[in-house]
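Reading through the structure tokens given below for one structure.
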Amino acid sequence: MKQSKRKRVTLQQVAEHAGVSRATASLIVRNSPSVSEKTRKKVLASMKELGYVYDRIAANLRSQTSSTIGVIITDISNTFFTELLIGVHEELEKDGYTVFLGTTFDSDNRQDQLLSTMLEHRVGGIILCPVAGTSEDTIRKIQHLDVPSVLAVRELPEVESDYVGVDYSLGVQKAVQHLLEQGHKRIAFLGGTTGSTTWKERMEGYRSALKNAGISIDEELVIPSGPTRSGGVEAARQVLDISEPPTAVFCFSDLVAFGVMQGLKEKGIVPGEDIAVVGFDNVMESSVCHPTLTTVSSFARQIGKDAARCLHNQIVDKKEHHHRIILTPQLVVRESSSKKRSS
């Protein structure tokens, strides 16, 4: 005999089972902080016992609002983004939001697919770390649908939008100035894709620091690559093949720097001894790798917190106001560059 399909448990049934009002049960499924922990536990226990599943999409349609936030990053394997996501979660969870995560792997097509999916699911807002070369039309699509959005890490100059990032130019100036003070004059810039604003701003800092020291840029020492560990390995191999290799290397990111140090070791070159290496981001691994990596802290977790706060303010306020938050980077000196170059 065919069993009849079990009916979906309603929130009213949960409320009656827990001995609370439906309004109280509704606050709990929306993660409202205004309910006592004792009541929360009682209602959650009833949900588990009855097999209740919250229909978030239906709730969004009823209220014309959404407690789901879309967050799109470029590379989940990069621990910089892990820290950024922790900051986003810490801030958004205070206000009862749920995070819907997508990863583009720096692909335009993947980014468009993720944005379409998130908009179809009626997310309440989007935090976007754009892929390199993102067009203004992509952001205009979000804004046209009146969905609150914040750009993080990579800015799109032609788009008016809330943005949270770090002063990349200043960070690179600090890094290169440190290498100059250590006695280096042939300083390479390895990694990153030239079309992105984050690369252009780093390049601006690199040029500025060398110019202030009276040193002309040797284009052979500037080698772009994918912003990955493998990209760093390849960039290191290329720079070692030029007629006069560098004595120090600034890397687009810590991930690139880890690859660069691997590439140096493959050639029997000791990072921090034979060639100084500096990264950018100050991810967790930079303090435990060998040698420990000198790097520029870009405060990824704080970027996540600030982006989440901007988005929440947009959702609550609903007014046209664009905030641009630029964090001040900090140089962290470790073993990979602490040895002075002998003259």
Side-chain angles (χ1 to χ4, degrees), residues 75-87 153 166-192 198 202 205-206 209 221 223 225-240 245-304 327-342:
D75 186 0
I76 194 67
S77 68
N78 187 340
T79 50
F80 169 86
F81 288 106
T82 304
E83 284 294 302
L84 183 146
L85 288 170
I86 290 171
V153 181
V166 68
D167 190 333
Y168 299 109
S169 178
L170 177 60
V172 179
Q173 287 181 57
K174 289 183 175 185
V176 175
Q177 181 60 39
H178 161 68
L179 292 171
L180 290 166
E181 290 170 356
Q182 296 300 88
H184 299 281
K185 293 184 179 179
R186 286 193 64 73
I187 303 170
F189 176 6
L190 305 184
T198 51
R202 283 168 168 83
Y206 175 75
L221 295 175
I223 301 177
S225 75
T228 60
R229 193 181 297 256
S230 60
V233 173
E234 181 55 35
R237 290 170 180 164
Q238 288 185 45
V239 82
L240 292 175
T247 63
V249 173
F250 166 74
C251 301
F252 176 82
S253 67
D254 289 351
L255 206 57
V256 170
F258 299 144
V260 166
M261 291 199 290
Q262 180 183 331
L264 295 178
K265 290 173 183 177
E266 287 177 357
K267 296 288 188 179
I269 296 170
V270 181
E273 293 286 335
D274 303 321
I275 293 182
V277 180
V278 177
F280 200 108
D281 285 335
N282 196 26
V283 300
M284 290 179 286
E285 190 182 344
S286 63
S287 63
V288 296
C289 62
H290 182 71
T292 55
L293 180 65
T294 294
T295 184
V296 178
S297 182
S298 55
F299 305 105
R301 190 174 298 199
Q302 189 60 47
I303 289 176
L327 304 179
T328 301
Q330 179 182 343
L331 181 68
V332 181
V333 178
R334 297 194 181 102
E335 296 169 347
S336 68
S337 73
S338 58
K339 183 179 179 181
K340 278 198 173 282
R341 177 170 167 76
S342 56

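The first residue of the sequence shown is numbered 1, and numbering continues consecutively from there.
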| request: Could you list all the salt bridge (Lys or Arg N to Asp or Glu O under 4.0 Å) pairs where at least one residue sits in residues 284-293, not counting sequence neighbours? | output: Arg229-Glu285
| note | Residue pairs passing the side chain to side chain donor-acceptor pair (under 3.5 Å) test with at least one member in residues 265-278, sequence neighbours excluded, are Arg237-Glu266, Glu273-Lys339
| said: Going by the rule side-chain hydrogen bond (donor to acceptor under 3.5 Å, both in side chains), which residues pair with Thr294 if we only count those two or more places apart in sequence or in a different chain? | reply: Ser337
| field | Test item: Leu255 and Asp75 side chains (from C-beta on) under 4.5 Å apart, heavy atoms | value | yes
| task | Nearest 0.5 Å please: distance from the CG atom of Leu221 over to the CG atom of Leu190. | result | 8.5 Å
| remark: So the salt bridge (Lys or Arg N to Asp or Glu O under 4.0 Å) pairs with at least one residue in residues 290-303 (sequence neighbours excluded) are Glu83-Arg301, Glu90-Arg301
| Partners passing ring-ring contact (aromatic ring centres under 6.0 Å, His included) against Phe299 (at least two apart in sequence or in another chain) | none
| remark: Residues passing the side chain to side chain contact (heavy atoms under 4.5 Å, CB included) test with Ser298, sequence neighbours excluded, are Phe80, Val166, Phe280, Asp281
| request: Could you note down all residue pairs passing salt bridge (Lys or Arg N to Asp or Glu O under 4.0 Å) where residues 327-337 supplies at least one of them, sequence neighbours left out? | output: none
| said: Measuring only between side-chain heavy atoms, which start at C-beta, is Leu85 closer than 4.5 Å to Ile76? | reply: yes
| message | Run the side chain to side chain contact (heavy atoms under 4.5 Å, CB included) test against Thr228 and tell me which residues pass, sequence neighbours left out. | response | Ser230
| field | salt bridge (Lys or Arg N to Asp or Glu O under 4.0 Å): pairs with one or both residues in residues 175-191, sequence neighbours excluded | value | Arg186-Asp218, Arg186-Glu244
| query | Who are the side chain to side chain contact (heavy atoms under 4.5 Å, CB included) partners of Thr198, not counting sequence neighbours? | reply | Arg154, Tyr168, Ser196, Arg202, Phe252
| remark: side chain to side chain contact (heavy atoms under 4.5 Å, CB included) filter on Ala257, not counting sequence neighbours, yields Cys251, Val277, Leu293
| Leu240 vs Leu264 side-chain heavy atoms within contact, under 4.5 Å | yes
| message | Using a 3.5 Å distance criterion without hydrogens, assess whether the side chain of Asp167 forms a donor-acceptor pair with backbone atoms of Thr328. | response | no
| message | Could you work out, with ring-ring contact (aromatic ring centres under 6.0 Å, His included) as the rule, every residue matching Phe81, not counting sequence neighbours? | response | none
